[in-house]
Amino acid sequence: MAEMQLQKKGKKSDNGIGSVVDFLLANARLVLGVGGAAMLGIATLAVKRLIDRAAAPPDEKDADGKVEQKSLEESWKEAVLLKASPKLVRKAKRSDLSTALPAPEPRLLTDVAESSRTPEEPPSEKPPLCRTLQETLLHYYSQEAVVPDAEVQVVKQLVLDIMAELQDFLKAKHPQMPFCALQLGGSLGGGLPVTSLDTAYVLLPLILEPHLWTFVPGEETILSDPQFWMIKRDNLEYTARGSSPWDRFMLGGYLSTRMVVESLHKTITASINWPAIGTVLECSIRPVIAPDDLRLEVIHQDFTLTINVLLVAKANDAVLLAYPDSTAPAENLWRRSYYREEVLRLQDLDSADSGVRQKCLHILKSICRQRPGLSHLSPTHLRHVLLHLTNEESDWSESAVGDRFLQLIESVIGYLAIGTLPCYFNGKVNLFSHLTEEEIDQVGYALYQIFSDPKSLLVK
């Protein structure tokens, strides 16, 4: 009998909690809106599950924990689905606002007036006005996201000095490997605004004979992947092997990115006296010991920097970057880069209407760097989402920076929900193809938190 009574009480309490949850969710949607109702629903569901797990047998708690973890990963997708009927929510809000509030009782007004007449109490100061989202974003841009120009110039000059030493060494010791002059890439090379100073990119262009080498688009290769190209050796029947200095890096009739990178890696790590160069430049320079990666770690008294050396091959309008990753399906792949087109497009659009596209991108890039949950969202992803959004919205004035920023986040969430982000310049390329489902869920949930309350995440 006692057990039956306890079970009845447990069921009664469950029914009571369930009715409270239903009441909260039904009314929160009207008062808090879609975003607030979604977050309240997630929090209420978490509390209810904690109560259920406390009253459940031990063997059921493990299963409940797995279900709870799964619900947190998929909650951002459920929140996106809740936004399917925004018009109904807005109408409900207006009807609530149009309902007159009951007038306060005269006795309460008298009590409040008498209590406010205490002479000892000094006059209260007016609270500071709350910033709008536009003001919050512009404040964050100027105080947090922007790197001072003086610091940028110091880092840039050090990278240029290291580039000059590397260029002189390659010309003197390896004349059989023809390269163009090294170029400073990324934001330091005159691209988009600088977000951070811990990473720099140096481009090392190869000089290829146009009558001996042909660029094969990704759709025409055996992989049929438009993102990865190949460089094929031509005229082997009429020109002897060795006619090109790059023939010794040929694999199966194609220029092998891995062989070129490994050869350069041996040169950079074993032949260059980096301690002596670092002494002259008043820093410490150490090459990264990884055969498929060309990187230099630089430690200065004021900062730490990683310099990535990227092999580049150019033909007509195509810019290809060596892709020697160990997980690549082949050793002779070159990734098609659209960075130059992305930068020029954004700069031209902002110049035409004095827009804030680059500011929105700059702010979101800075937030992504500070939040570990967004580490899988690269600047390339953000640039292409922003370019897609420019085709849908025409007002990019400073007064609309808040709306455009939220739309940018919402667009990223939408692409994550379907697992596909088409390249702006080639719709056949899916820029999310390398992300796992777990990484997509992680990024989507972190972005939805920012979308629900962006001001609280930006203001320290």
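All values below were derived from every heavy atom in this structure, side-chain atoms included, with hydrogens, water molecules and symmetry-related copies excluded. Keep in mind it's a predicted model, so treat the numbers as computed, not measured. Index from 1, following the sequence.
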> Can you check whether Q358 reaches P193 side chain to side chain, under 4.5 Å on heavy atoms?
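SC-SC contact between Q358 and P193 confirmed.
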> Could you check whether any side-chain heavy atom of S187 comes within less than 4.5 Å of a side-chain heavy atom of Y201, counting everything from C-beta outward?
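The answer is no, as the side chains (C-beta and beyond) never meet within the 4.5 Å cut-off.
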> Just by distance, do the side chain of S375 and the backbone of R371 share a donor-acceptor pair under 3.5 Å?
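Side chain of S375 to backbone of R371: no pair is present.
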> The test is side-chain contact (heavy atoms from CB on, under 4.5 Å); show your working for W334 and T257 and say whether it passes.
CA-CA 7 Å; W334 297 76; T257 55; 3.0 Å; yes
> For P379, give me all partners under side-chain contact (heavy atoms from CB on, under 4.5 Å), at least two apart in sequence or on another chain.
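side-chain contact (heavy atoms from CB on, under 4.5 Å) list for P379, sorted by chain: K365, R383.
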> I want to check something: taking the side chain as every heavy atom from C-beta on, are I285 and I162 in contact at a cut-off of under 4.5 Å?
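Yes. Closest side-chain heavy atoms under 4.5 Å.
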> Please round to the nearest 0.5 Å and tell me the distance separating atom CG of L208 and atom CZ of F215.
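CZ of F215 is found 5.5 Å from CG of L208.
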> Only counting residues at least two apart or in another chain, list the ones meeting salt bridge (charged side-chain N to carboxylate O under 4.0 Å, His left out) with R336.
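Once residues adjacent in sequence are excluded, the partners of R336 under the salt bridge (charged side-chain N to carboxylate O under 4.0 Å, His left out) criterion are E341.
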> If you take all heavy atoms of L382 and C368, which pair is closest and at what distance?
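Scanning both residues, the minimum pair turns out to be CD1-SG, 4.2 Å.
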> Could you list all the salt bridge (Lys or Arg N to Asp or Glu O under 4.0 Å) pairs where at least one residue sits in residues 181-208, not counting sequence neighbours?
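Pairs touching residues 181-208 that pass the test: D198-R369.
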> Among residues at least two apart in sequence or on other chains, which ones pass side-chain contact (heavy atoms from CB on, under 4.5 Å) with Q183?
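For Q183, the residues satisfying side-chain contact (heavy atoms from CB on, under 4.5 Å) (neighbours in sequence not counted) are L203, P205, K314.
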> Any side-chain to backbone donor/acceptor pair from S263 onto M259? Under 3.5 Å, distance only.
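Flag not set: sc S263 to bb M259 has no pair under 3.5 Å.
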> Quick check: does any side chain N or O of N316 sit under 3.5 Å from a backbone N or O of A318, one acting as donor and the other as acceptor?
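Not confirmed, N316 side chain does not pair with A318 backbone.
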> Using atom types as modelled, flag every donor-acceptor pair under 3.5 Å from a side chain in residues 301-311 to any protein atom, sequence neighbours excluded.
none

> Compile the donor-acceptor pairs under 3.5 Å between side chains in residues 386-402 and protein atoms, sequence neighbours left out, one pair per line.
unit_1, atom_1, unit_2, atom_2, d
H388, NE2, P422, O, 2.8
T390, OG1, L387, O, 2.4
N391, OD1, Y424, OH, 3.4
E393, OE2, Q407, NE2, 2.8
D395, OD1, S397, N, 3.2
D395, OD1, S397, OG, 2.8
W396, NE1, E393, O, 3.0
S397, OG, S399, OG, 3.1
E398, OE1, K359, NZ, 3.4

> Under 3.5 Å, is there a donor-acceptor pair between the side chain of E439 and the main chain of T436?
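Looks like yes, one N/O pair under 3.5 Å.
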> According to the salt bridge (Lys or Arg N to Asp or Glu O under 4.0 Å) rule, which pairs have a member within residues 148-158, sequence neighbours left out?
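Checked against salt bridge (Lys or Arg N to Asp or Glu O under 4.0 Å) - neighbours excluded - no pair reaches residues 148-158.
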> When you measure from the side chain of Q167 to the backbone of L182, do you find a donor-acceptor pair of N or O atoms at a distance under 3.5 Å?
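Checking the backbone N and O of L182 against the side chain of Q167, a donor-acceptor pair under 3.5 Å is found.
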> Verify side-chain contact (heavy atoms from CB on, under 4.5 Å) between L364 and L377, making sure each step is shown before the conclusion.
CA-CA 10 Å; L364 192 52; L377 197 61; 5.5 Å; no
> For W229 and E219, indicate whether the former's side chain and the latter's backbone hold a donor-acceptor pair under 3.5 Å.
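No; zero donor-acceptor contacts below 3.5 Å.
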> What residues, two or more places apart in sequence or in another chain, satisfy side-chain contact (heavy atoms from CB on, under 4.5 Å) together with E331?
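Testing E331 for side-chain contact (heavy atoms from CB on, under 4.5 Å), a comparison that skips the adjacent residues, returns L251, S256, R258.
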> Would you please test F432 and Y415 for ring-ring contact (aromatic ring centres under 6.0 Å, His included) and show each step?
CA-CA 9 Å; F432 282 162; Y415 288 118; 7.3 Å; no
> Assess the residue pair V312 and L204 against the criterion (side-chain contact (heavy atoms from CB on, under 4.5 Å)); give the C-alpha distance rounded to whole Å, side-chain angles, the decisive distance to 0.1 Å, and a yes or no.
CA-CA 6 Å; V312 180; L204 183 58; over 6 Å; no
> Partners of V343 by side-chain contact (heavy atoms from CB on, under 4.5 Å), sequence neighbours excluded?
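Checked V343 against side-chain contact (heavy atoms from CB on, under 4.5 Å); matches are L192, Y339, Q347.
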> Would you indicate whether the side-chain heavy atoms of H381 and V412 approach each other to under 4.5 Å?
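In short, these two side chains do not touch, never coming nearer than 4.5 Å.
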> Search all heavy atoms of V216 against all heavy atoms of K232 and return the closest pair with its distance.
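Closest heavy-atom pair between V216 and K232: CG2-CB, 4.0 Å.
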> When rounded to the nearest 0.5 angstrom, what distance separates CG in L170 from CG in L264?
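Result: 7.0 Å between the selected atoms.
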> Does anything in residues 422-435 pair up under salt bridge (Lys or Arg N to Asp or Glu O under 4.0 Å), and if so which pairs, sequence neighbours excluded?
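Output for this query is empty, none listed.
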> Restricting to non-hydrogen atoms, name the atom on F451 and the atom on L406 that form the minimum distance, rounded to 0.1 Å.
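Nearest heavy atoms, F451 then L406: CE1-O, 3.6 Å.
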> Show your reasoning for whether side-chain contact (heavy atoms from CB on, under 4.5 Å) applies to N332 and L255.
CA-CA 6 Å; N332 45 19; L255 183 60; over 6 Å; no
> Side chains of T380 and Y338: do they bring a donor and an acceptor to under 3.5 Å?
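No, because no side-chain N or O of T380 sits under 3.5 Å from a partner of the opposite role on Y338.
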> How about V202 and V159: do any of their side-chain heavy atoms sit closer than 4.5 Å?
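Counting from C-beta outward, V202 and V159 do come under 4.5 Å.
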> Kindly state each residue pair satisfying salt bridge (Lys or Arg N to Asp or Glu O under 4.0 Å) with at least one member in residues 201-211, sequence neighbours excluded.
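Of all non-adjacent pairs touching residues 201-211, none passes salt bridge (Lys or Arg N to Asp or Glu O under 4.0 Å).
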> Between H139 and T136, does any side-chain donor sit less than 3.5 Å from a side-chain acceptor?
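Their side chains do not contain a donor-acceptor pair, so the 3.5 Å distance test is not met.
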> For N430 versus G419, what's the shortest heavy-atom pair and its separation?
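That closest heavy-atom pairing would be ND2-O, 3.6 Å.
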> What I'd like to find out is whether the side chain of V147 reaches to under 4.5 Å of the side chain of T195, using heavy atoms alone.
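No, every pair of side-chain atoms sits at 4.5 Å or beyond.
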> Which of these, Y254, W213, F179, sits in a ring pair (Phe, Tyr, Trp, His ring centres under 6.0 Å) with W246?
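Result for ring pair (Phe, Tyr, Trp, His ring centres under 6.0 Å) with W246: F179.
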> Working to the nearest 0.5 Å, report the span between OG1 of T420 and CG of L431.
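Those atoms lie 10.0 Å apart.
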> Side chains of I363 and Y140: does their closest heavy-atom pair fall under 4.5 Å?
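Heavy-atom side-chain distance check passes, below 4.5 Å.
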> My understanding is that only residues two or more places apart in sequence, or in another chain, count here; which of them pass side chain to side chain donor-acceptor pair (under 3.5 Å) with R340?
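Scan of R340 (side chain to side chain donor-acceptor pair (under 3.5 Å), adjacent residues dropped) gives none.
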